[in-house]
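Step one of this worksheet: look at the structure below.
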Amino acid sequence: MSRSLSVVAVLVAALCFATTGTARALADVDADAVSIGAARVLIGGGLLGLIALARRRRFRADAPPAALAPSGTGRRMPSIVIVLVGASGVLAYQPTFFTGTGLNGVAVGTVVALGSAPVVTGVLDALVRRRRPGIRWLIATTVAVLGLVLVSGVFSGGAAGIAAITPVGVAASVGAGASYALYAIASKLLLDRGWTAPAAMGAVFGSAAVLSLPVLLSTATAWLATTAGIALALWLGVVTVTVAYLLFGAGLRRLSPATVSTLTLAEPLGATVLGLLVLHEQLAPASIAGLAVIAVGLAIVAVPVRERGSRVSAAA
């Protein structure tokens, strides 16, 4: 898959992620976030695991390209350890994200969680795979995160709103960003070893699905007995996990985890547009400007740069 198609795959995956909030709002089910998140991972991760098993192909027929060969700390990790680390990241994301938004509000919690994810991913990629993100990635991520801040309206409450931020909430939101980084890096390490994208996603999310079953059973599951609840669970599982992460994995094979993490900042952009069109929400002028800024950041990292006349940079 070319770099351009890889970028498109990740952006479409981000748009799938973006439907989560709108789907929950339309379903209007009486369920807590932990229960919904566990059902989402159980269904979506379970399907990814079944797809991987059905294909029965863990490795590519051809050797991984030199640019993708295992390096750094990841070279020494057993594959089972990588899979379990990735699965733990999948499971940890939901509770840390909602703890952060619960303590500091949706705006601040979302900005810190989504904004920290590309940064933590870039740092981990440099430490584990010895791949340092380039200056273009840094500029694109900075611009996109600035747009995210504007869209969220995080500063609209003034100094009083900022003063209410709790360190525990910030830590939880950064934990959500780190959780994302864990499963992104883990998936990339498996791809570096020659695993196919469905196999890597199936192993990580399939393991997470098994581990999420007791979590789901520990919550109130009456919502799953309703038509709206079943529809919501299937949409979140199939579209925002199975389909989304097959696309995510396909893009991750060609792109670095840091670049993929920045591209997934298209999620809040897509979610905001869906809120406007489907839920008829209203946006402040600053939020509208933020959408444009996010788009600029994504364009910076998505558009290939030509070097030395005709060669296209494989970047990022």
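All values reported here derive from a predicted model rather than from experimental measurement.
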Report task. Go through Leu252 and Leu191 one step at a time and tell me if the side chain to side chain contact (heavy atoms under 4.5 Å, CB included) criterion holds. Result -> CA-CA 8 Å; Leu252 187 60; Leu191 293 171; 3.9 Å; yes
Requested in this report: Answer whether the closest heavy-atom distance between the side chains of Asn104 and Val112 falls below 4.5 Å.
Outcome: no
Requested in this report: Report yes if the side chains of Trp235 and Thr20 come closer than 4.5 Å at any heavy-atom pair, otherwise no.
Outcome: no
Looking only at atom types and distance, does a side-chain atom of [X] sit under 3.5 Å from a main-chain N or O of [Y], one as donor and one as acceptor?
X: Arg129; Y: Ala126; result: no
X: Arg40; Y: Thr240; result: yes
X: Thr19; Y: Leu15; result: no
X: Thr242; Y: Val239; result: no
X: Asp125; Y: Ile185; result: no
X: Arg3; Y: Arg254; result: no
X: Ser261; Y: Pro257; result: no

Cluster overlap [X] with [Y], hydrophobic side-chain contacts below 4.5 Å:
X: Leu189; Y: Val120; result: yes
X: Tyr180; Y: Val301; result: yes
X: Ile82; Y: Val128; result: yes
X: Ile36; Y: Val41; result: no

Just list the side-chain donor-acceptor pairs under 3.5 Å for residues 138-149, sequence neighbours left out, or say none.
from	atom 1	to	atom 2	distance (Å)
Thr141	OG1	Trp137	O	2.8
Thr141	OG1	Trp137	NE1	3.3
Thr141	OG1	Thr262	OG1	2.7
Thr142	OG1	Leu138	O	2.8

Report task. Check the pair Phe248 / Val260 against side chain to side chain contact (heavy atoms under 4.5 Å, CB included), numbers first and verdict last. Result -> CA-CA 8 Å; Phe248 180 95; Val260 169; 3.4 Å; yes
Report summary line: Residues Ala258 and Pro133: closest non-hydrogen pair is CB-CG, 4.0 Å
Report task. Please name the pair of heavy atoms, one in Leu269 and one in Ala295, separated by the smallest distance, quoted to 0.1 Å. Result -> CD1-N, 3.9 Å
Requested in this report: Name all pairs fulfilling the ring pair (Phe, Tyr, Trp, His ring centres under 6.0 Å) condition that reach into residues 10-43, sequence neighbours left out, sorted by first residue then second.
Outcome: Phe17-Tyr245
Report task. Carefully, step by step, assess Thr221 and Leu216 under the rule side chain to side chain contact (heavy atoms under 4.5 Å, CB included). Result -> CA-CA 7 Å; Thr221 57; Leu216 177 62; 4.0 Å; yes
Report summary line: Per side chain to side chain contact (heavy atoms under 4.5 Å, CB included), Val241 is matched among Leu48, Leu42, Leu236 by Leu48
